[in-house]
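Structure record follows, encoded as structure tokens.
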Amino acid sequence: MPVEFLGIAATGDGSETTPRTTAAFDRDYTLRLARAHEDHGWDRVLFAYGAGAPEPAAAAAFLASHLDRLQILLAHRPNVSYPTFAAKTFATLDRISDGRLTVHFITGGNDHEQRREGDFLTKDQRYERTREYIGIVKKAWTSREPFDHEGPHYRFEDFVSDVFPVQQPRPAVSFGGSSDAAYAAGGAEADIYCLWGEPLARTAEQIERVAEAARAAGRTELPRIQVAFRPIIAPTEELAWEKAHRTVAAIRARRSADRPRAVGTAGTAGPGAAAPEVVTPENVGSQRLIEIAEAGERYDRALWTPTAAATGGAGNSNALVGTPETVAQALLDYYDLGVDILSARGYDLLDDAVDFGRYVIPIVREEVAKRDAAKAAAEQAAQAERAERDRHQLIAAQA
């Protein structure tokens, strides 16, 4: 199966290790970083969402109007707009980008962050709302006739949009989470299910949970799986590990220097946001990252947890450390589990995007092509063997 690579569409140059030197939305930097992804083999970039951050749909429209190939993953929180309005916004952006949009719906795993924009629902209520919201957006994208809706969170009459996506029947829907409620909602609605990087065995368990939830919802086509990492690469293993330890030291130093802030969730705190204090996170995904870090620093081929521990399990924070060859082989281990979208974001956003695109992506694509060719050859051989067996059975029956 094809493999895709997702990077970050940051609108400023800060990260967990480096304070921002640009404006929160810097046109030149946004475009420069996106072009670095487009020119170095990446498939799409994520516009993350944060309560005080630049509005991602507008930033994505800016990018789409300047680049022709790079695809867009737009993070969106259901609490910030009505679903019919959101559906029109997404359809318009899909038009602007000529069919390059995927929407990532964020339920929200931190009460403080949600309340910053007036969302006082409980977590379970938020998941219920997200599921209803996605269903309305999908219908607004595809219905050419007016429709009514009355549900737990939304009610309207006689809505029909006059703008529809380029992609037919609709753009893909992305979703993430590690709680039972997340699996149920995402298993029912998501085309792409997003996970944070965990050890291989635990990732396999999560993939099965997603599949079970999708089957329980009556689906026969299961969501694609995306897994996110923080790659730390260097020409040699020794240099890579030195770089990894410098990175953790920089994360800790920046956290000590910046004002405290509660831990956010996936897609909710863009690079350059103030580093939060280490507190017990509310969301299950971050709790899992902390649990894994407490159990050990190194897993499998290259997974390293101190970066996650240093941030209190904040979002995509487990690293893959090593040479490009080592990191590529680690990513292929996840591909072999059934992961076909690989999300990666370094700590020096621009230079790391270039290096990863130059040195890691080509190795992974080449090895995936070999795997696909071998699988196709094996299937062809099996078909030939079955045909030969059927021929002999027919001859025997006619004798």
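Counting begins at 1 with the first residue of the sequence. Only this structure's heavy atoms are used, side chains among them; waters, hydrogens and symmetry mates stay out.
- At most 12 heavy atoms of other shown residues, nucleotides or ligands fall within 6.0 angstrom of atom CZ in Arg155.
- For the residue pair Thr92/Thr89, the side-chain donor-acceptor check at 3.5 Å is not satisfied.
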**Asked** Going through the distances and angles, do Glu132 and Arg129 end up as a salt bridge (Lys or Arg N to Asp or Glu O under 4.0 Å)?
**Response** CA-CA 5 Å; Glu132 182 181 353; Arg129 178 184 60 194; over 6 Å; no
Checking salt bridge (Lys or Arg N to Asp or Glu O under 4.0 Å) for the pair Asp191/Arg170: CA distance, chi angles, key distance, verdict? CA-CA 11 Å; Asp191 302 298; Arg170 58 173 178 79; 2.8 Å; yes
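- Remark: the Thr326 side chain and the Gln329 side chain contain no N/O donor-acceptor pair separated by less than 3.5 Å.
- Asp351 is listed as a side-chain neighbour of Asp348, based on a closest heavy-atom distance under 4.5 Å.
- In terms of the side chain to side chain donor-acceptor pair (under 3.5 Å) criterion, residue partners of Arg230 (sequence neighbours excluded) are, by chain and number, Glu16.
- Arg209 and Asp180 are joined by a salt bridge, as a carboxylate oxygen and a charged side-chain nitrogen come within less than 4.0 angstrom of each other.
- Below 30°, between 30° and 60°, or above 60°: for His149 and Phe156 the angle between ring planes is below 30°, a parallel geometry.
- Hydrophobic clustering (ILVMFWY, side-chain heavy atoms < 4.5 Å, transitive): Tyr193 and Leu200 are in one cluster.
- Side chains of His245 and Trp304 form a contact here, defined as non-hydrogen atoms less than 4.5 Å apart.
- The closest side-chain heavy-atom distance from Arg35 to Leu67 is below 4.5 Å.
- With hydrogens and angles ignored, the 3.5 Å screen pairs no side-chain donor or acceptor of Lys243 with any backbone N or O of Ala234.
- Scanning both residues, Gly14 and Leu349, for their nearest heavy atoms gives O-CD1, 3.6 Å.
- Both Val368 and Ile225 are part of a single hydrophobic cluster, where members link through side-chain heavy atoms under 4.5 Å apart.
- Panel note: side chain Ser286, backbone Gly313; a donor-acceptor pair is recorded below 3.5 Å.
- By the 4.5 Å heavy-atom criterion applied to side chains, Glu291 and Arg202 are counted as neighbours.
- Contact of the Arg77 side chain with the Glu117 side chain is registered, since non-hydrogen atoms from C-beta on lie closer than 4.5 Å.
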Checklist entry - Lys139 and Ile136: side chain to side chain contact (heavy atoms under 4.5 Å, CB included), yes or no, with the steps? => result CA-CA 5 Å; Lys139 191 165 185 179; Ile136 294 169; 5.8 Å; no
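- Environment of CD in Glu238: sparse, with no more than 12 heavy atoms of neighbouring residues, nucleotides or ligands closer than 6.0 Å.
- Aromatic pair His40/Tyr359: ring centres not closer than 6.0 Å.
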Practice problem: Determine, step by step, whether Arg224 and Asp340 satisfy the salt bridge (Lys or Arg N to Asp or Glu O under 4.0 Å) criterion, reporting the C-alpha distance in whole Å, the side-chain angles of both residues, the deciding distance to 0.1 Å, and the verdict. | Solution: CA-CA 7 Å; Arg224 299 173 65 192; Asp340 66 343; 2.9 Å; yes
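- In this structure a side-chain-to-backbone donor-acceptor pair under 3.5 Å is present from Glu113 to Ala51.
- Proximity of a side-chain donor or acceptor of Thr18 to a complementary backbone N or O of Ser15 within less than 3.5 Å is not detected.
- No continuous path of ILVMFWY side-chain contacts below 4.5 Å connects Ile232 to Val354, so the two sit in separate hydrophobic clusters.
- Checked by atom type and distance alone, the side chain of Glu38 pairs as donor or acceptor with a backbone atom of Arg69 at under 3.5 Å.
- Of the possible polar contacts, one joining the Thr122 side chain to the Gln125 backbone as a donor-acceptor pair under 3.5 Å is found.
- Proximity of a side-chain donor or acceptor of Ser174 to a complementary backbone N or O of His104 within less than 3.5 Å is not detected.
- Distance alone, capped at 3.5 Å, is enough to place a donor-acceptor pair between the Asp94 side chain and the Val166 backbone.
- In this structure, the side chains of Asp124 and Glu128 stay at 4.5 Å or more apart for every pair of heavy atoms.
- Stacking of Arg365 on the aromatic ring of Phe5 is not recorded, the 6.0 Å distance cut-off and the 45° axial limit not both being met.
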- Assess whether side-chain hydrogen bond (donor to acceptor under 3.5 Å, both in side chains) is satisfied between Arg44 and Gln71, documenting all intermediate values. CA-CA 4 Å; Arg44 60 169 58 87; Gln71 298 178 54; 2.8 Å; yes
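- Taking the six-membered ring where the residue is Trp, the centroids of Phe356 and Trp42 are separated by under 6.0 Å.
- Surrounding CZ of Arg215 are more than 12 heavy atoms belonging to other residues, nucleotides or ligands, all under 6.0 Å away.
- The environment of CZ in Arg115 is crowded: more than 12 heavy-atom neighbours from other residues, nucleotides or ligands sit within 6.0 Å.
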Practice problem: Kindly determine whether Asp39 and Arg358 satisfy salt bridge (Lys or Arg N to Asp or Glu O under 4.0 Å), including the steps that lead there. | Solution: CA-CA 10 Å; Asp39 292 344; Arg358 281 178 175 168; over 6 Å; no
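- Inter-residue side-chain proximity for Trp141 and Phe90 is flagged as met; some heavy-atom pair is nearer than 4.5 Å.
- Around the CD atom of Glu388, the shell of radius 6.0 Å holds more than 12 heavy atoms that belong to other residues, nucleotides or ligands.
- Checking side-chain atoms of Gln167 against main-chain N and O of Leu101 turns up a donor-acceptor pair under 3.5 Å.
- Environment of OH in Tyr82: crowded, with over 12 heavy atoms of neighbouring residues, nucleotides or ligands closer than 6.0 Å.
- The only member of Val284, Asn110, Thr107 that meets side chain to side chain contact (heavy atoms under 4.5 Å, CB included) when paired with Lys123 is Val284.
- Here the side chain of Asp26 pairs no donor or acceptor atom with the backbone of Gly12 at under 3.5 angstrom.
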Practice prompt. Could you give me the CA-CA distance, side-chain angles and deciding distance for His76 and Tyr133, then say whether ring-ring contact (aromatic ring centres under 6.0 Å, His included) is met?
Written response: CA-CA 11 Å; His76 178 77; Tyr133 194 100; 5.6 Å; yes
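- A single hydrophobic cluster is seen to contain both Leu337 and Ile292, as judged by linkage of ILVMFWY side chains at heavy-atom distances under 4.5 Å, directly or through other members.
- Atom CD of Gln168 has more than 12 heavy atoms from other residues, nucleotides or ligands within 6.0 Å.
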* Asked: Step by step, would you call Thr21 with Asp13 a side-chain hydrogen bond (donor to acceptor under 3.5 Å, both in side chains)?
  -> CA-CA 6 Å; Thr21 65; Asp13 66 351; 2.3 Å; yes
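- Side-chain contact between Ile192 and Phe175 is absent, with no heavy-atom pair separated by less than 4.5 Å.
- For the residue pair Gln206 and Tyr183, a side-chain donor N or O sits within less than 3.5 Å of a side-chain acceptor on the partner.
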